[in-house]
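Written below as structure tokens is the structure these notes are about.
In this chain, residues are counted from 1 in sequence order.
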Amino acid sequence: VQLVESGGALVEPGGSLTLSCTVSGSTLKYLHIGWFRQAPGKEREGVSCISKSDESTYYVDSVKDRFTISRDTAKNTVYLQMTSLKREDTAVYYCVALRAVLFIGSIQAMCERGRYDYWGQGTQVTVSS
């Protein structure tokens with residue numbers, strides 16, 4: 001399974017950005033997908049996760065009501081729409097995938113415990129004026 005992120009950029013505070021994660025080697029119906037981020041000097045943090053069935057999503061408190069995760073099964077792609085961006089959102093954002101058949105926990109657990117089997121190379125998001 002390969003994950004390729006795109007969409008990272010330099011954006012001003014208050015701006016918006018959409019990240020994309022294209023999956024190959026498997027299909028979304030078998031995978032839970034998540035977005036993690038890592039800022040300099042900080043641990044990797046689970047930002048948002050979505051279940052293979054689209055029935056469950058999770059957002060870390062700091063991005064609730066600002067970020068939206070979604071999936072396009074036809075394109076085998078997952079998106080992270082980010083609005084009202086803040087300087088503290090600056091980080092490298094990683095797309096991760098977890099094989100659903102081997103995981104019996106919740107999407108929240110996937111994000112909070114950092115559970116994933118595959119990850120991408122990351123895309124840089126910088127929020128600065």
Side-chain angles (χ1 to χ4, degrees):
V1 177
Q2 292 186 328
L3 311 172
V4 178
E5 304 98 332
S6 62
L10 170 64
V11 61
E12 293 186 347
S16 300
L17 205 58
T18 297
L19 305 183
S20 301
C21 172
T22 300
V23 179
S24 61
S26 183
T27 64
L28 293 182
K29 66 179 180 180
Y30 300 124
L31 301 171
H32 301 317
I33 302 293
W35 286 96
F36 283 64
R37 67 185 178 187
Q38 188 164 21
K42 294 188 177 181
E43 294 186 355
R44 190 171 293 188
E45 172 188 45
V47 175
S48 181
C49 292
I50 186 167
S51 67
K52 66 177 179 65
S53 61
D54 287 352
E55 292 178 353
S56 298
T57 57
Y58 166 85
Y59 298 92
V60 69
D61 285 345
S62 60
V63 308
K64 283 181 180 177
D65 299 324
R66 299 191 298 122
F67 290 11
T68 303
I69 192 169
S70 62
R71 296 151 48 110
D72 185 332
T73 54
K75 295 182 178 180
N76 227 32
T77 299
V78 176
Y79 303 97
L80 185 68
Q81 294 175 279
M82 306 184 293
T83 64
S84 301
L85 282 162
K86 304 176 181 180
R87 287 182 173 83
E88 50 264 42
D89 294 318
T90 295
V92 178
Y93 283 71
Y94 298 90
C95 178
V96 304
L98 180 63
R99 290 171 290 177
V101 69
L102 300 177
F103 182 67
I104 59 172
S106 66
I107 289 302
Q108 179 175 348
M110 174 186 173
C111 255
E112 291 185 341
R113 300 177 188 176
R115 292 289 309 274
Y116 46 86
D117 299 313
Y118 310 99
W119 58 93
Q121 82 289 350
T123 186
Q124 176 71 47
V125 173
T126 303
V127 184
S128 176
S129 54

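Listed by chain and residue number, D89 satisfy the salt bridge (Lys or Arg N to Asp or Glu O under 4.0 Å) test with R66 (two or more places apart in sequence, or in another chain). Residues satisfying the side chain to side chain donor-acceptor pair (under 3.5 Å) criterion with D65, sequence neighbours excluded, are absent altogether. Judged as a side chain to side chain donor-acceptor pair (under 3.5 Å), and not counting sequence neighbours, R115 has no contacts. The salt bridge (Lys or Arg N to Asp or Glu O under 4.0 Å) test applied to E5 returns no partner, not counting sequence neighbours. Qualifying ring pair (Phe, Tyr, Trp, His ring centres under 6.0 Å) partners for Y93, counting only residues two or more places apart in sequence or in other chains: none. Scored by the salt bridge (Lys or Arg N to Asp or Glu O under 4.0 Å) test, D117 finds R99 as partners (sequence neighbours excluded). In this structure K42 satisfies the salt bridge (Lys or Arg N to Asp or Glu O under 4.0 Å) test with no other residue, sequence neighbours excluded.
Here the CG atom belonging to D61 is positioned 4.0 Å from the NZ atom belonging to K64, to the nearest 0.5 angstrom. Between atom CD1 of residue I107 and atom OG of residue S53 there is a gap of 8.0 Å, rounded to the nearest 0.5 Å. Atom-to-atom distance recorded for T18:OG1 and L80:CG is 8.0 Å, nearest 0.5 angstrom. Interatomic distance, CD of Q108 versus OG1 of T57, reported as 11.0 Å (0.5 Å rounding).
Side-chain atoms of T126 and Q124 include a donor-acceptor pair closer than 3.5 Å.
Within a 6.0 Å radius of CD in E55, other residues, nucleotides and ligands contribute 12 heavy atoms or fewer. Other residues, nucleotides and ligands contribute at most 12 non-hydrogen atoms within 6.0 Å of the CD1 atom of I104.
Note on residues 37-85: pairs passing disulfide (SG to SG under 2.5 Å), not counting sequence neighbours, are C49-C111. Applying the ring pair (Phe, Tyr, Trp, His ring centres under 6.0 Å) test to pairs two or more places apart or on separate chains, none has a residue in residues 54-73. Applying the disulfide (SG to SG under 2.5 Å) definition to pairs two or more places apart or across chains, those involving residues 66-107 are C21-C95.
Nearest heavy atoms, S20 versus T77: CB-CG2, 4.2 Å. Across L3 and A97, no two heavy atoms sit closer than the pair CD1-N, 3.7 Å. S26 approaches V1 most closely through the heavy-atom pair CB-CG2, 3.8 Å. The minimum heavy-atom distance linking A39 with A91 is given by the pair N-CB, 3.8 Å. Considering all non-hydrogen atoms of both residues, S62 and E45 come closest at OG-OE2, 4.3 Å.
In this structure, R87 and S129 have side chains that are in contact, with non-hydrogen atoms separated by less than 4.5 Å. The shortest side-chain heavy-atom distance between V78 and I69 falls under the 4.5 Å cut-off. For the pair M82 and V63, the minimum side-chain heavy-atom distance is 4.5 Å or more.
Remark: the backbone N or O of V23 is paired with a side-chain donor or acceptor of N76 at under 3.5 angstrom. Using a distance-only test at 3.5 Å, with no hydrogens or angles considered, a donor-acceptor pair links the side chain of R71 to the main chain of S51. Looking only at distances, a side-chain donor or acceptor of T90 sits under 3.5 Å from a matching main-chain atom of V127.
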Between side-chain atoms of residues 27-36 and protein atoms elsewhere (two or more places apart, or another chain), which donor-acceptor pairs fall under 3.5 Å?
| from | atom 1 | to | atom 2 | distance (Å) |
| --- | --- | --- | --- | --- |
| H32 | ND1 | K52 | N | 3.0 |

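Side-chain heavy-atom separations under 4.5 angstrom define the hydrophobic clusters, and the remaining members of the one that includes Y94 are V92.
By the criterion of side-chain heavy atoms lying less than 4.5 angstrom apart, applied directly or through intervening Ile, Leu, Val, Met, Phe, Trp or Tyr residues, Y118 is not grouped with Y79; the two fall into different hydrophobic clusters.
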